[in-house]
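Below you'll find the structure, written out as structure tokens, and then a few comments.
Given the structure is predicted, the values throughout are model-derived calculations rather than measurements.
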Amino acid sequence: GNPLVLARPSSMDNDSLPLTIMEKALVRAKSAPGITFPDAVLTDIQGRSFTLSSLRGKVVLVDFFARGWRVWEATLPQTTDLWTRYHSLGFEIVSVCLERNPAGLETLGLPWPVVAGAPELTRPLGIFGNTTSYLLDANGMVIARDLHGQDLAFAVRRALGK
């Protein structure tokens with residue numbers, strides 16, 4: 001129950017950041033498997049607005065990324081292949097770029113919606129500059145988090161009933 005207090009360099013008296021493991025766990029629990037993923041109005045880099053709830057009926061991967069992150073770059077070909085194979089069966093991806101300057105995202109050539117920023121999702125989910133992903137079922141419930149490669153492919157096939 002006692003908070004872990006981290007003093008910032010050159011801080012004065014009460015200018016510290018109180019953190020507890022419980023606070024972090026509570027934020028993560030809000031997006032744990034079995035929980036409905038938060039809805040948000042998003043605008044992709046093409047200027048099209050949509051809501052996550054408009055994707056209900058589809059299995060959706062919400063992928064938070066930044067260019068240059070090795071895990072994201074290494075798994076992008078597999079993720080693209082997965083989208084190509086299962087998109088017509090009801091699989092969708094929404095990529096959310098966490099970079100401060102998302103200029104040039106269109107050069108990635110991703111066939112699914114790419115959103116720059118999305119603080120309406122990152123804040124409540126406690127995402128602060130770390131790559132993560134959420135796999136949602138057709139009802140918008142979180143199935144799993146941070147799956148890659150064959151684990152992601154298996155989970156998508158299973159959620160699609162294939």
Could you tell me if the side chain of [Y] sits less than 4.5 Å from the side chain of [X], heavy atoms only?
X      : Y      : answer
Leu42  : Thr51  : no
Leu98  : Ile127 : yes
Cys97  : Val115 : no
Leu61  : Val94  : no
Leu89  : Lys162 : yes
Leu135 : Val156 : yes
Ile143 : Leu136 : no
Pro113 : Glu92  : yes

Minimum-distance pair of heavy atoms, taken over all atoms of [X] and [Y]:
X      : Y      : answer
Pro119 : Pro124 : O-CD, 3.7 Å
Ser95  : Ile93  : OG-CG2, 3.9 Å
Val96  : Gly117 : CG1-O, 2.9 Å
Ser49  : Thr43  : OG-OG1, 3.0 Å
Thr36  : Met141 : OG1-SD, 3.0 Å
Ala155 : Leu147 : CB-CD1, 3.6 Å

>> Under the criterion side-chain contact (heavy atoms from CB on, under 4.5 Å), I'd like the reasoning laid out for Phe65 against Val114: C-alpha separation, chi angles, the key distance, then a yes or no.
In response: CA-CA 10 Å; Phe65 78 99; Val114 178; 4.3 Å; yes
Between [atom1] on residue [X] and [atom2] on residue [Y], distance to nearest 0.5 Å:
X      : Y      : atom1 : atom2 : result
Ser88  : Trp83  : OG    : CH2   : 9.0 Å
Asn139 : Lys58  : CG    : NZ    : 14.5 Å
Leu160 : Asp137 : CG    : CG    : 10.5 Å

>> Checking side-chain polar atoms at under 3.5 Å, does Trp112 have a donor or acceptor matched by the opposite partner on Asp44?
In response: no
>> Between Arg145 and Thr132, is there a side-chain donor-acceptor contact under 3.5 Å, judged purely by atom types and distance?
In response: yes
Side-chain donor or acceptor of [X] paired with backbone N/O of [Y] under 3.5 Å:
X      : Y      : answer
Thr75  : Gln78  : no
Asp146 : Ser133 : yes
Asn101 : Ala103 : yes
Ser54  : Phe50  : no
Thr131 : Phe64  : yes

>> Apply side-chain contact (heavy atoms from CB on, under 4.5 Å) to residues Leu121 and Phe37 and explain how you reach the verdict.
In response: CA-CA 9 Å; Leu121 283 178; Phe37 196 75; 4.0 Å; yes
>> Can you confirm whether Arg85 is buried at CZ, in the sense that more than 12 heavy atoms of other residues, nucleotides or ligands lie under 6.0 Å from that atom?
In response: yes
> Can you tell me if CD on Gln150 sees more than 12 non-hydrogen neighbours from other groups inside 6.0 Å?
Replying inline: no
>> Run the side chain to side chain donor-acceptor pair (under 3.5 Å) test against Glu120 and tell me which residues pass, sequence neighbours left out.
In response: none
>> Hydrophobic clusters here meaning ILVMFWY residues chained together by side-chain heavy-atom distances under 4.5 Å, can you tell me if Val71 and Val62 are in one?
In response: no
> Would Phe154 end up clustered with Phe91 when hydrophobic side chains under 4.5 Å apart are linked, directly or stepwise?
Replying inline: no
> Are Glu73 and Arg67 within salt-bridge range, i.e. N to O under 4.0 Å?
Replying inline: no
